[in-house]
Amino acid sequence: MERLKGKVAIITGAAKGIGAATAKLFADEGCLVIATDILDDVKNQWIQQYPRIQYYHLDVTDESNWEKCFDWAVRQFGHVDILFNNAGIIGDAATFGPQNPEQTSLASWKTIHTINLDSVFLGCKYAIKYMKTDGGSIINMSSRSGLVGIPNASAYSSSKAAIRNYTKTVALYCAQKGYKIRCNSIHPAAIATDIWNAHLGTNKAERKRTLQTIIAGIPLGHMGTPLDVAYLVLYLASDESSFMTGSKLVLDGGILAGCASAPSAGIRNQDG
Ligand SMILES: NC(=O)c1ccc[n+]([C@@H]2O[C@H](COP(=O)([O-])OP(=O)(O)OC[C@H]3O[C@@H](n4cnc5c(N)ncnc54)[C@H](O)[C@@H]3O)[C@@H](O)[C@H]2O)c1
C-alpha cells in the first residue's frame, strides 16, 4: 500500500514494544524511519533486517540529543514529516518506590515526568522548528491513564494527562501560525509489552493470575498488541488524517466505554 511513501519519521523509544512495531509498519508502508532509543544494541538486532530503518541514539530527556537528531535527519534526508513521541516509563515500585499520592518521592515524581512529559515538550519544540515550512504530523503517546486517575501510578498518570492537554496546545498553536503541523494524542491501554513486566512479576503462577485479572477488566477479553497501536499511529501519520488535529484517540479494548459501577452481564441476563 505504501501509505507513507516519501515521508521521513522519527520514532522515540523504538527499540522494542509499541515503538518497534510502529517503526516496522512505517517502513513496510514506504516510510524512511529514524528509530531512536537509549538501548543502542538494537541497531545490531532486528533493525538490520529493515533497510528503510536507521538507528539514532536519542535520550528523550536530553535537549541537545533532540537538536542533533533532527539536524542529522534533515541533513541526511532533506525533511522530517512525522514525529512519534512514544518513549515512556511507568515507574515501577521496585525501581522508583511506591507511586501512590501519599508516598511517592519527589525525586521519582520528577524523573517520571522528565522522561514521559519533558520529552514530549522537547520533541514538539524541535518538530515545530524543523517541520514548520513543509508541515507534518506529531503523534504523542499518552495513555488511558491520562484520562482517569490511577492511585498506584500517580506520577505516570499525571504525566500522561499533561501530554493530552499539551497536545491540544501544540495543535492550536500550529494551526494559528499556519504551520500545517497536526498534533494528536493516543490513549492505549492493556497492550502486551515489557512495560507490564514489573507489575506481572516473575513467578509463573502469579503472572498468570495477574494477567487473568487484567483481562477480566477488558470488554474484548484479551490484551492488545503493539501492532494494534501501530495501525492507529499509521493513520495519524498519514495524509488520511489530514483534517484531524488536537484529537485524543482511545484504543483500549472497550475499557473506557463503560464504568466500574455498570450492571454486570449476569445482572442484565437476570433482568431478561
Ligand atoms: N503497553 C501498554 O499497555 C501501554 C498503554 C498506554 C501507553 N503506553 C505507552 O506506550 C509507550 C511505549 O511503551 P511500551 O509499552 O512499548 O513499553 P516498552 O518498555 O516496551 O518500550 C518503552 C521504550 O522507551 C524507551 N525509553 C525509556 N526511557 C527512554 C529515554 N530516556 N530515552 C529514549 N527512550 C527511552 C525504552 O528503552 C523502550 O524501548 C510508553 O510511553 C507507554 O507509557 C503503553
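Quantities reported herein were computed from a predicted structural model and do not represent experimental measurements. Numbering of ligands and ligand atoms starts at 1, following listing order. Nothing fancy with the numbering, it's 1 onward along the sequence.
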(message) Out of Ala14, Gly88, Gly146, Gly17, who is nearest to atom 22 (C) of ligand 1 when you count heavy atoms only?
(response) Gly88
(message) Within the 3.5 Å criterion, strictly below it, is a donor on His113 or Ser158 matched to an acceptor on the partner's side chain?
(response) yes
(message) Under a 3.5 Å cutoff, is there a donor and acceptor pairing between the side chains of Asp239 and Ser242?
(response) no
(request) Return yes when Thr12 approaches ligand 1 closer than 4.0 angstrom through a heavy atom, no otherwise. (result) no
For [X], is at least one N or O under 3.5 Å away from an N or O on ligand 1?
X      : answer
Arg144 : no
Val60  : yes
Met141 : no
Thr61  : no
Ser143 : no

(message) Please list, in number order, the atoms of ligand 1 under 4.0 Å from a heavy atom of Ala190.
(response) 3 (O)
(request) Would you mind listing which atoms of ligand 1 come within a distance below 4.0 Å of any non-hydrogen atom of Asp59? (result) 30 (C), 31 (N), 32 (N)
(request) Answer yes when Arg75 and Asp71 have at least one side-chain N-carboxylate O distance shorter than 4.0 Å, and no when they do not. (result) yes
[atom]: the protein heavy-atom neighbour that sits closest, reported with distance to 0.1 Å:
atom                    : value
atom 38 (C) of ligand 1 : Asp37 OD2, 3.7 Å
atom 19 (O) of ligand 1 : Lys16 NZ, 3.4 Å
atom 35 (C) of ligand 1 : Ala87 CB, 3.7 Å

(request) Can you spot which of Asp37, Leu122, Ile34, Asn65 makes a side-chain contact (heavy atoms from CB on, under 4.5 Å) with Leu58? (result) Asn65
Where on [X] is there a heavy atom closer than 4.0 Å to ligand 1, on the side chain, on the backbone, on both, or on neither?
X      : answer
Ser145 : neither
Leu39  : side chain
Ser142 : backbone
His187 : neither
Leu58  : backbone

(message) side chain to side chain contact (heavy atoms under 4.5 Å, CB included), that's the test. Do Asn184 and Ile186 meet it? Break it down for me.
(response) CA-CA 7 Å; Asn184 295 287; Ile186 61 167; 5.9 Å; no
(message) With ring-ring contact (aromatic ring centres under 6.0 Å, His included) as the test, pick out the partner of Trp72 among Tyr55, Tyr126, Tyr56.
(response) Tyr56
